[in-house]
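Worksheet: one structure, shown below.
Whatever order the structure lists them in is the order used to number ligands and atoms, beginning at 1.
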Amino acid sequence: MPIRIPVVERILQANDDLADQVRARLDSAGLLALNLMASPGAGKTLLIQETVRRLRDRLRIGYVNGDIATSLDAERVAVYDLPVVQVNTGGDCHLDAAMLAPALDQLPLGRLDLLLVENVGNLVCPANFRLGTHLNVLIASVPEGDDKPYKYPGMYRGVDVIVLNKIDLLPYIPFDLDRFLHGVRILNPDLTVFQLSALKGDGLDAWTEWLAQRVAAQRRAA
Ligand code: MG
Ligand code: ZN
């Protein structure tokens with residue numbers, strides 16, 4: 001047992017070093033990069049599709065899809081005619097900086113304003129592996145239940161933004177919004193929370209306008 005802990009620390013340290021290199025590349029390109037995390041089925045890919053559809057006339061967007069296998073999600077987003085890179089983790093349940101770095105080689109970083117990185121669907125370990133992206137976004141969804149901030153504190157504490165998706169289902173599912181938001185605030189009082197339905201369109205404008213403002217701020221800082 002005493003051997004295992006230093007090994008894990010070394011792996012995470014090596015990942016942190018690589019994440020710093022990724023961040024330096026993204027900063028010098030002057031773009032804003034998001035690490036989008038969620039459990040399977042929360043609606044990550046649909047939210048990304050709708051985000052691209054609404055912003056692609058204003059922003060030059062790139063997309064990296066991390067999945068255990070298949071390029072199904074990448075194909076859904078590629079219909080919007082933007083640079084897309086598929087990363088198959090070969091069974092790993094998260095992306096890490098070592099997987100993202102070669103994906104960046106295949107993107108025209110200097111000609112992008114926004115990079116959307118869709119992590120593998122999983123609420124546990126993606127939060128432990130920094131990618132070097134600027135913002136960690138968690139997409140939660142109403143069918144998952146209002147107890148998730150209490151059950152996955154590591155994920156909820158480690159993110160900058162929460163998108164609560166599928167709010168159109170609130171009338172049909174026992175989901176206590178106050179309980180959910182209370183759990184979020186305990187862990188992460190300064191968190192930005194968006195409530196929306198990527199399917200129906202409610203709340204999407206607030207999310208995309210906020211994102212466009214963040215991209216503009218990133219560009220001014222570069
Ligand atoms: Mg997906
Ligand atoms: Zn994992």
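Under 4.0 Å is where a charged nitrogen must lie from a carboxylate oxygen, and between D147 and R179 no such pair does. Between D73 and R76 there is a salt bridge, since at least one side-chain N of the basic residue sits less than 4.0 Å from a carboxylate O of the acidic one. By the 4.0 Å N-to-carboxylate-O rule, R214 lies too far from D160 to be salt-bridged with it. Of the charged side-chain nitrogens involved, none lies within less than 4.0 Å of a carboxylate oxygen, so that K200 and E50 do not count as a salt-bridged pair. Note on D205 versus R54: salt bridge recorded, some NZ/NE/NH1/NH2 to OD/OE distance being below 4.0 Å.
Sorted by first and then second residue, the ring-ring contact (aromatic ring centres under 6.0 Å, His included) pairs with a member in residues 151-170 form an empty list; sequence neighbours excluded.
In this structure, F129 and H94 have parallel ring planes: the angle between them is below the 30° cut-off, well short of the 60° mark.
With 2.8 Å as the limit, N65 does not count as an N, O or S neighbour of the Mg ion (ligand 1). For the Mg ion (ligand 1), the N/O/S atoms of D67 include none lying under 2.8 Å.
The set of protein atoms (N, O or S) found at less than 2.8 Å from the Zn ion (ligand 2) reads C93 SG, H94 ND1, C125 SG, by chain and number.
Between the Mg ion (ligand 1) and the N, O or S atoms of E118, the shortest distance is to OE2. For the Mg ion (ligand 1), the nearest N, O or S atom contributed by D73 is named OD2.
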Run the side chain to side chain contact (heavy atoms under 4.5 Å, CB included) check on N119 and L131 step by step: do they pass?
-> CA-CA 10 Å; N119 214 310; L131 299 183; 4.0 Å; yes
